[in-house]
Amino acid sequence: MFEVKTIDKPDERRDFPRGHLEAVHMSGLDFAVGTFEPGWRWSESVSPIAGTKSCEVHHNGYVVQGRMHIVMDEGGEGELGPGDIFVVAPGHDAWVVGDEQCVVYDFAGGMAKDYAKGK
């Protein structure tokens, strides 16, 4: 098997307040690019769509641009910036830090398949 797609022509786009997601679906890989504008916060922009108190999607990602702050439900927290590779377990809130949009590549699959979709 050999499969190639480009993010310039995503299979799917989901818009939500202050951001959007573009997804590419392939055999064995669901890849997402999330673009989050200044003022975006998961608990305000996506929670009403997802119907959950916190983000229940597992993320494996890479920050291309901008900064994002993550707070885990159990209390841990940190900030991500350009060049950071990260793993974030389900059960968190997040928001854009500063006046620059944050662009994130996510390879875990859940973001491409389920993020910002109603239950």
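All figures in this text were calculated on a predicted structure; none of them were measured in a lab.
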Which heavy atom in [X] sits nearest to a heavy atom in [Y], and how many Å separate them?
X: Val88; Y: Met72; value: CG1-SD, 3.9 Å
X: Val96; Y: Pro38; value: CG1-CA, 3.9 Å
X: Trp42; Y: Ala50; value: CZ2-CB, 4.0 Å
X: Ser43; Y: Pro48; value: O-CD, 4.1 Å
X: Gly91; Y: Ser54; value: CA-OG, 3.7 Å
X: Leu80; Y: Ile70; value: CD1-CG1, 4.0 Å

- Ring-face cation contact, Trp95 with Arg41, 6.0 Å cut, 45° max: yes
Taking [X] for its side chain and [Y] for its backbone only, find out whether a donor-acceptor pair lies under 3.5 Å.
X: Ser47; Y: Thr52; answer: yes
X: Glu79; Y: Arg67; answer: no
X: Asp84; Y: Gly81; answer: yes
X: Arg14; Y: Tyr115; answer: yes
X: Lys9; Y: Lys5; answer: no

- Note on the structure: residues 96-106 vs side chain to side chain donor-acceptor pair (under 3.5 Å), sequence neighbours excluded, gives His59-Asp106
- Chi angles and distances behind the side-chain contact (heavy atoms from CB on, under 4.5 Å) call for Ser27, Met1: CA-CA 9 Å; Ser27 302; Met1 177 185 61; 3.5 Å; yes
- Query: Are Glu37 and Thr35 linked by a side-chain donor-acceptor pair shorter than 3.5 Å?
  - Reply: no
Are [X] and [Y] packed together at the side-chain level, in the sense that at least one heavy-atom pair is separated by less than 4.5 angstrom?
X: Pro90; Y: His58; value: yes
X: Met68; Y: Phe36; value: yes
X: Val64; Y: Val104; value: no
X: Pro17; Y: Ile49; value: yes
X: Leu21; Y: Arg13; value: no
X: Val103; Y: Val63; value: no

- Message: Salt bridge or not between Lys53 and Asp93? Use side-chain N to carboxylate O under 4.0 Å.
- Response: no
- Item | With Phe107 via ring pair (Phe, Tyr, Trp, His ring centres under 6.0 Å) - residues at least two apart | Phe31
- Query: How would you list, by chain and number, every residue that makes a ring pair (Phe, Tyr, Trp, His ring centres under 6.0 Å) with His25, sequence neighbours excluded?
  - Reply: none
- Message: Please determine whether side-chain contact (heavy atoms from CB on, under 4.5 Å) holds for the pair Phe16 and Trp40, giving the CA-CA distance in whole Å, both sets of side-chain angles, and the decisive distance to 0.1 Å.
- Response: CA-CA 10 Å; Phe16 43 85; Trp40 175 88; 3.5 Å; yes
- Message: Please report the interatomic distance CG(Asp30) to CE(Met111), rounded to the nearest 0.5 Å.
- Response: 12.5 Å
